[in-house]
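Structure record follows, encoded as structure tokens.
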Amino acid sequence: MATANKKARDERKAAHLRTIFGRYTEQFRAAGNQDALSVARGVHIAIDDVLERDRKKSANSGDITCRKGCDRCCHGPVEIWPQEAALLV
């Protein structure tokens, strides 16, 4: 019985990951047709939306310091996309 449950969970997980992969693949393809600044702005809007959603879900969300106007990542090494660098410039 445990093996059947694990197999069912693994199948659901695989299906979920395929769905996510498909969704983001389409978004990346669509982004390829946009200029760099539009891509960076869209990514930042999406990140802000996720952070806002997560803040509402978790009592510990006060630890998330990223928000509009935040400069925390400006004080240490971070990786950014070339599109984000263009947006910053």
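- Ion pairing between a basic and an acidic side chain is recognised when a charged N comes within 4.0 Å of a carboxylate O; K6 and D10 show such pairing.
- No donor-acceptor pair closer than 3.5 Å links the side chain of S38 to the backbone N or O of Q34.
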When you look at R53 and K57, which way does the side chain to side chain contact (heavy atoms under 4.5 Å, CB included) test go after all the steps?
-> CA-CA 6 Å; R53 181 199 68 204; K57 283 184 178 179; 3.9 Å; yes
